[in-house]
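Residue indices begin at 1 and follow the sequence shown.
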Amino acid sequence: MINIDGLFENYFKKYIAENLGKMTEQQIEDKIPEIYEAFGKTPQIELGGKTPEDFYRNFSDDELVSELENAVIKNGEVSDFLCKEIEKRSGISEKLVKLISADGNEEVATYAVNMLSGDLESETLGGFVKILTDKRTGESLAESLTEYLSGKAEKVKEYLIAEYSDCDSGKEYLVEIMSKTLPDDRIFNILLDEFKNNRDNTALYANYLAVYGDDRAIPYLTDRIEESGITYYDFKEIKNAIEELGGEYDGQFKKN
């Protein structure tokens, strides 16, 4: 595996040596994007005379995915040129999915999630929901999966409800995705229960109710905002939630 970012470091050092007397350090720093673009179009001996932009063009999908995995494990980061080539490929998401698991390398899995595109099978999406409730799943992977599934919330709704009923871990991620689904009494009741039971995260769960958009939540939000003991931040967020749902609250925050 060739470290293209390492090649750029050498290219950049040479550029500095050639221009430091002609330009200030700040001017050189400001030109980094331009220098990187020029590097991408410059043939490199280490790449067999190919430019960084062209190097990955003839890689198969499997080779690209393998290169991604190796780059993350060995370097902790991935070249932009590799990422751009992966993003061009239709159908490569099915191969990226193989890198996503609760017990694999979390950084690799997170990169893979962030590079998914197109439509995946329902069963695969359901598998992602299960990963969210796996105690071995790290925070960065869980957050990336939550963001990804939030864009497909309606497609995974039944998986969310099924996992929510008996999961011991990751429930907070499921609830966040649920807030993006279309109206369903089952989802509304779950969001409402979470709001009632998570008083330490009142603002967060009030926001989920606001995002969900069911105005039946207004009385429950109003009851909470009038309770003694809530913080000013909670007060503001609950008030915002009430207003986003079409209600009004004219009361003032009362210091405890």
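Below 30°, between 30° and 60°, or above 60°: for Y208 and Y205 the angle between ring planes is above 60°, a perpendicular geometry.
Residues passing the salt bridge (Lys or Arg N to Asp or Glu O under 4.0 Å) test with D80, sequence neighbours excluded: none. Residues satisfying the side chain to side chain donor-acceptor pair (under 3.5 Å) test with D30, not counting sequence neighbours, are Q26.
Side chains of D103 and S101: a donor-acceptor N/O pair is present below 3.5 angstrom, by distance only. The closest side-chain donor-acceptor pair between E176 and T146, if any, does not fall under 3.5 angstrom. No hydrogens or angles considered: a donor-acceptor pair under 3.5 Å links the side chains of T51 and D54.
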| Could you go step by step and tell me if S140 and E106 meet the side chain to side chain donor-acceptor pair (under 3.5 Å) rule? | CA-CA 8 Å; S140 65; E106 183 180 0; 2.6 Å; yes
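A salt bridge is defined here as a Lys NZ or Arg NE, NH1 or NH2 lying under 4.0 Å from an Asp or Glu carboxylate O, and E85 with R89 meets this definition.
The aromatic ring centres of Y36 and F81 sit less than 6.0 Å apart.
Taking 4.5 Å as the limit, some side-chain heavy atom of Y56 sits within range of a side-chain heavy atom of I4.
Atom NZ of K196 has more than 12 neighbouring heavy atoms from other residues, nucleotides or ligands inside a 6.0 Å radius. Around CD of E147, the count of heavy atoms belonging to other residues, nucleotides or ligands within 6.0 Å does not exceed 12.
Under the 4.5 Å side-chain heavy-atom criterion for ILVMFWY residues, a single connected hydrophobic cluster contains both I73 and V113. There is a path of hydrophobic side-chain contacts, each under 4.5 Å, that joins F59 to I86.
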